[in-house]
Amino acid sequence: MTVDQITAPAPADVESGGTRRKRRRVVVPLVLVAAIGGAAAWGTTRPWEPPGSVAEQPLLSHGVVAVEQGSLSSSIQVLGTLGYDAPTSVVASGRGTFTALPAVGSVVKAGGRLYEVDGRPVVLMTGSRPLWRDLGPGVTDGPDVEQLKRNLIGLGHTDGLGLAVDEKFTKGTATAVKRWQKSLGAKQTGTVALGTVVMLPQAGVRVHKVGAQLGSPVGASPVLTVTSTHLVAVVQPADNQLSRFKPDGKVVVRLAEGGTVQGRIRSLIRGGGADGEGDGGPGGSGGGQQKTTVTIVLDDQREVRRAGPSSVTVNVVGDTAADALIVPVTALLALDGGGYGVKVVSGTTTRLVKVQLGLVADARAQISGAVKRGDQVVIPK
């Protein structure tokens, strides 16, 4: 049903809670504040004025829509990318010539070979402190020794040695180093020479980019860029969406192939370039604008590995209203003195009904009051 150029008899009767109040002069400017749901404001009629007065003013064209009943949610969806986590540059120590380099996409676990210098393997170990000296008998105590011993124990080269995780390089430490060197097919010196080990925080890495060339000398430029083997989702929401992204907040990530995985917001970093930017990660914000990059860790790595680096849709769940009466926000009329109402069509006439406003999302509003599902309410065309 369509109602064009609707005007109401004067004076207007306002119904609320199923009871009709006495006739009273009610000012009902039919202007919806644009801030509600982002809907555009629309023109006004004056149902409280005599018919002759209304006729002298331009009449607005209106339509009707039925009151719906269902669920309403304030969740938002933001496009993002799926990429490998925590890109890290690897710089070679010592001197020599690169004689072997890994392939992009290869995965190296702790204890494995990252690359080769002068025919000798350079091995990945786990630690936050890079090595800066040779570690062998007679070296002074230090946290780098403790870090090495922790790796030797983890790699299984200390059985029967009673090696303690401390900062002392003991005879047992030298024995464990020789066992490790034997497993690599390297000369068993009992000393870890500078440049033969790369310490990284990850227990396993994926080669993202190779910066060196075979035959080139060791220098200060990065040999490799590596990432975690885990995939993360990265989004750059608009400023008006940031309030929805809370640290440790839960989100649902829809993969390009249609599956979904649960995620948790790990970090929000202002400006271009983020911890989480890897394959498929977003570039800089461009144009000098400083956007916030949100990194999301994902629960089901098996599922996301099948998708690989790709686009994703991140759904941030907000408030939800179930079994709600719903109208477009353009149906709401701001009442004089506060509150909102809707015009309900009854045959060839309309009546103004005061309603209580609930959740507003996606240009739709939850209402309650003397209305029911299926009632026809006036909206601007």
Side-chain angles (χ1 to χ4, degrees), residues 84-103 105-208 210-212 218-220 222-230 301:
Y84 288 98
D85 196 15
T88 304
S89 295
V90 177
V91 178
S93 301
R95 297 179 179 180
T97 300
F98 294 111
T99 51
L101 293 166
S106 58
V107 174
V108 181
K109 296 182 179 180
R113 305 182 184 205
L114 265 182
Y115 53 91
E116 188 181 275
V117 174
D118 293 344
R120 298 189 305 271
V122 178
V123 177
L124 173 66
M125 287 190 175
T126 305
S128 58
R129 179 185 294 270
L131 297 186
W132 72 92
R133 57 177 179 166
D134 294 346
L135 295 180
V139 73
T140 56
D141 298 350
D144 51 347
V145 176
E146 179 181 355
Q147 195 170 245
L148 171 65
K149 294 173 77 172
R150 194 181 301 276
N151 276 273
L152 292 170
I153 293 171
L155 294 173
H157 299 300
T158 61
D159 292 349
L161 297 177
L163 206 63
V165 181
D166 56 27
E167 298 186 354
K168 299 181 181 296
F169 198 101
T170 62
K171 289 183 178 180
T173 309
T175 300
V177 169
K178 290 178 181 179
R179 292 179 180 178
W180 167 67
Q181 290 170 331
K182 182 179 180 180
S183 72
L184 297 173
K187 187 176 180 180
Q188 301 170 45
T189 63
T191 297
V192 179
L194 181 64
T196 59
V197 168
V198 172
M199 291 286 184
L200 293 176
Q202 303 97 322
V205 297
R206 179 183 180 275
V207 178
H208 175 60
V210 177
V218 171
V223 186
L224 310 169
T225 300
V226 298
T227 66
S228 167
T229 57
H230 286 179
Q301 284 294 311

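Predicted model only: the values in this text are computed from it and were never measured.
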**OP:** First locate atom OG of Ser106, then atom CG of Leu101, and finally report the distance between them rounded to the nearest 0.5 Å.
**Re:** 10.0 Å
Original post:
Between Val210 and Pro102, which heavy-atom pair has the shortest distance, and what is it?
Top reply: CG2-O, 3.4 Å
Name every donor-acceptor pair, under 3.5 Å, that has one atom in a side chain of residues 153-169 and the other anywhere in the protein, sequence neighbours excluded.
residue: Asp166; atom: OD1; partner: Lys149; partner atom: NZ; Å: 2.5
residue: Asp166; atom: OD1; partner: Lys168; partner atom: N; Å: 3.2
residue: Lys168; atom: NZ; partner: Asp141; partner atom: OD2; Å: 3.2

Original post:
Are any of the side-chain heavy atoms of Val192 and Met125 separated by less than 4.5 Å?
Top reply: no
**OP:** Compare every heavy atom of Leu124 with every heavy atom of Val205, then report the nearest pair and how far apart it is.
**Re:** CG2-CD2, 4.0 Å
**OP:** Answer yes or no: are there more than 12 heavy-atom neighbours, outside Arg150 itself, under 6.0 Å from its atom CZ?
**Re:** no
Original post:
So, does Asn151 use its side chain to make a donor-acceptor pair with the main chain of Thr126 at under 3.5 Å?
Top reply: yes
Subject >> side chain to side chain contact (heavy atoms under 4.5 Å, CB included) partners of Val218, counting only residues at least two apart >> reply: Ala92, Phe98, Val117
Subject >> Beyond-backbone contact of Thr225 with Ser89, side-chain heavy atoms, under 4.5 angstrom >> reply: yes
Original post:
What are the two closest heavy atoms between Pro87 and Thr227, and how far apart are they?
Top reply: CA-CG2, 3.9 Å
**OP:** Return the minimal non-hydrogen interatomic distance between Val207 and Val226, and the atom names on each side.
**Re:** CA-CG1, 4.3 Å
**OP:** Run the numbers on Leu148 and Trp180 for side chain to side chain contact (heavy atoms under 4.5 Å, CB included), then give the verdict.
**Re:** CA-CA 11 Å; Leu148 171 65; Trp180 167 67; 5.8 Å; no
**OP:** Any pair with a residue in residues 90-100 that passes side chain to side chain donor-acceptor pair (under 3.5 Å), sequence neighbours left out, goes on the list, sorted by first then second residue, please.
**Re:** Thr99-Glu116
Subject >> Closest heavy-atom pair and its distance - Leu194, Leu131 >> reply: CD1-O, 3.4 Å
**OP:** Using atom types as modelled and distance alone, determine if a side-chain donor or acceptor of Gln181 lies under 3.5 Å from a backbone N or O of Gly190.
**Re:** yes
**OP:** For the pair Arg179 (side chain) and Leu152 (backbone), establish whether a donor and an acceptor sit closer than 3.5 Å, ignoring hydrogens and angles.
**Re:** no
Original post:
Rounded to the nearest 0.5 Å, how far apart are CG of Leu114 and CG of Leu200?
Top reply: 7.0 Å
Original post:
Which is it for Leu135 and Gln147 under the side chain to side chain contact (heavy atoms under 4.5 Å, CB included) test, yes or no, and what are the steps along the way?
Top reply: CA-CA 11 Å; Leu135 295 180; Gln147 195 170 245; over 6 Å; no
Subject >> Atom pair CD (Gln301) and OG1 (Thr229), whose distance is rounded to the nearest 0.5 Å >> reply: 7.5 Å
